[in-house]
Amino acid sequence: MVNLGSEVNSIGWEIEFPIIKKGVFVSWNPDLRKFHDMFAKQFKGSNLYEDATPCAEYASAVNDNYMDLLEESREVFKQMMEKIPNAIFFSGGIPRHRSTFAGHIQIGNKRGLTNKRIYEVCRTLQGSQSFMELMSQNFKSGRNADERAVRRDYFHFYTPGKSYKTERTYDCYTWNEHQTVENRIPPSTGFYHMLTLAVLEKAWLALYKGKLTMDMPDNWKQATIKGPNGVYYIATPDELFKVDYTTYVNFFLNKLEPFIKEETKTLSPDARSKVDKYIDVLRRTPLSNIMAGKSIMEAKKMAKEMVFKGKSFVDDVKIASIKIPKGAFGATNVANVISSINKSKERKEFQRFRNFIMAVSRKDASLANPEDIEIIHRIIAKKKLKEVI
Amino acid sequence: MSDMISDLPIYVCAPHHDEDLTQYIGYKIAEATGVNYANMVPVDNPILVVEIGGIWDRPAKGSREERREERSDDGERSSPVDMIIEDKTKTKPFLTLLTLFFGNSREIKDSDFKTEMSGKFDSNYVRVELSNKIRYNAQMSNMFIKIMIEIINELKSVL
């Protein structure tokens with residue numbers, strides 16, 4: 001069995017970024033043209049161009065380590081954002097504009113993978129599609145958890161076939177012109193989010209070592225339509241479990257944990273802590289729940305802080321921890337409750353009602369409260385009349 | 001998501017959207033105790049979730065339970081118990097005190113129906129399913145609300 005974890009040792013990504021300037025969406029800015037040649041020289045193999053999406057797109061060089069890729073991305077976008085200030089940002093989407101911000105992670109090696117290897121990588125990643133979709137979700141609009149999956153011909157559930165495809169497709173995993181495997185499930189273009197997903201993808205490969213892994217179309221459907229509210233199946237050799245988002249996601253994150261630790265060894269302490277924070281957040285909720293409340297101005301600010309200050313989108317997210325109770329609820333507390341209820345007017349009214357019902361059903365006026373005895377007599381008398389008649 | 005936000009991660013939930021009266025009961029409890037009220041599953045880390053349901057004595061249409069239902073002489077539906085309680089807390093104060101004051105109630109059995117929330121929480125969770133008698137009768141619902149308020153307030157005092 002091929003250890004794809006070691007053979008797949010390069011990483012790059014594409015970042016699609018529509019430009020919104022003074023509320024107007026544009027897919028290209030002429031000022032970006034001069035950057036194309038500059039970046040191509042500085043980062044060999046990179047490409048800045050106008051994509052058909054429509055949006056501007058920066059395809060990074062194929063790097064052999066995460067930190068080089070991070071630094072390249074920050075450098076490139078620093079220069080672009082200085083030239084076109086406040087115009088480029090990285091949230092998952094924006095209302096009233098067709099195009100969304102999206103990234104595509106590519107993994108491979110610098111020589112390029114053979115078609116056969118690409119296929120093997122895709123087969124190994126097959127089982128990660130629903131999980132990766134949930135990890136990537138950053139934008140919610142409309143009724144579905146991932147509107148992009150249902151309204152655009154963007155990416156489809158990948159099903160491994162007997163013969164491997166060589167044509168590029170709209171599957172979740174496909175090949176790229178650099179002969180790498182491209183993950184087309186679009187996350188936000190937040191660098192640290194994409195870094196986290198790249199780490200997860202590589203960790204998956206290292207865990208499953210070239211084996212075919214299986215995912216279910218049902219899980220995929222739940223993930224794209226319901227997202228964190230979906231119900232997911234986890235298959236074990238002899239049982240099928242129906243679980244929620246948190247259980248499903250943590251099931252895989254826990255399996256990947258040792259491989260994630262291995263992958264993040266090459267990261268700087270700061271980058272590693274950001275990846276850890278992302279995983280902590282995504283264990284509990286998709287990024288879309290965090291980004292959903294952000295306004296355009298907030299998204300712009302977050303993008304600037306990411307590029308210029310190295311701040312991730314989830315740095316400020318606080319994860320509440322359970323407060324450990326100071327004391328225990330014991331017999332004294334139970335006694336306090338009983339005493340309080342016994343003295344209450346609700347108890348008196350409840351008791352009166354209960355006594356009333358009992359007196360009527362047992363035809364015994366002495367069971368009722370004194371104030372109700374007269375009416376009980378009348379009810380009992382009427383009942384007796386009914387019986388006689 | 002939550003209608004009321006408080007600092008303490010205790011939630012009273014009445015998630016069934018067609019159960020207005022049950023939701024009202026849940027809301028009154030939350031309002032009086034100052035805890036959170038939600039009409040769906042809380043996604044943050046709650047220290048206690050109290051789910052209130054109101055469909056205990058209304059079996060599914062066409063079910064065996066519906067056909068076997070007892071009816072009194074007046075044609076009134078009679079349910080064998082007024083409420084069922086599922087108390088997954090350590091000391092089970094809700095089960096203890098509700099069965100004390102509502103003698104005609106019992107702990108949930110494995111054969112009783114499950115809700116989405118009851119499957120989600122292994123601990124720090126309470127579910128109370130109320131019969132129509134409790135929901136529609138002012139004295140009974142007020143008594144239920146009072147007991148729940150006292151327990152939750154007493155719980156808050158130990159946190």
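Note: hydrogens, waters and symmetry copies are ignored here, and every other heavy atom, side chains too, is used. Lettering of chains follows the sequences in order, A, B, ..., and the numbering in each one begins at 1.
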- Item | ring pair (Phe, Tyr, Trp, His ring centres under 6.0 Å) contacts touching residues 272-297 of chain A (sequence neighbours left out) | A:H193-A:Y278
Does [X] [atom1] have over 12 foreign heavy atoms under 6.0 Å away?
X	atom1	result
A:K301	NZ	no
A:E374	CD	no
A:K277	NZ	yes

- Message: At under 4.5 Å between heavy atoms, what parts of residues 85-94 of chain B are in contact with chain A? List them by residue number.
- Response: B:T91, B:P93
- Could you walk me through whether A:K345 and B:N142 pass side-chain contact (heavy atoms from CB on, under 4.5 Å), step by step? CA-CA 10 Å; A:K345 81 169 174 32; B:N142 287 342; over 6 Å; no
Tell me, for [X] versus chain A, whether the close heavy atoms (under 4.5 Å) come from the side chain, the backbone, both or neither.
X	answer
B:L100	side chain
B:N137	side chain
B:L97	side chain

- Message: Please enumerate all residues that pass ring pair (Phe, Tyr, Trp, His ring centres under 6.0 Å) together with B:F102, with sequence neighbours excluded.
- Response: A:F350
- Item | Region of A:T246 that comes under 4.5 Å of a non-hydrogen atom in chain B | side chain
- Among A:V243, A:V334, A:N336, single out the residue with the greatest number of heavy-atom pairs under 4.5 Å to chain B. A:N336
- Task: Under the side chain to side chain donor-acceptor pair (under 3.5 Å) rule, what do B:E154 and A:N333 come out as? Steps first, then yes or no, please.
- Result: CA-CA 6 Å; B:E154 197 64 29; A:N333 303 102; 3.0 Å; yes
- Atom pair NZ/CD1 of B:K133 and A:I357 - distance to nearest 0.5 Å: 7.5 Å
- Note on the structure: Output for pair (A:E346 CD, B:E150 CD), nearest 0.5 Å, gives 8.5 Å
Measure across [X] and [Y] and return the closest heavy-atom pair with its distance rounded to 0.1 Å.
X	Y	result
B:M143	A:I341	CE-CG2, 3.7 Å
B:K146	A:S344	CE-CB, 3.4 Å
A:R354	B:F101	NH1-O, 3.4 Å

- Could you list the residues that satisfy side chain to side chain contact (heavy atoms under 4.5 Å, CB included) with A:Y233, not counting sequence neighbours? A:M216, A:D218, A:N219, A:L240, A:K242
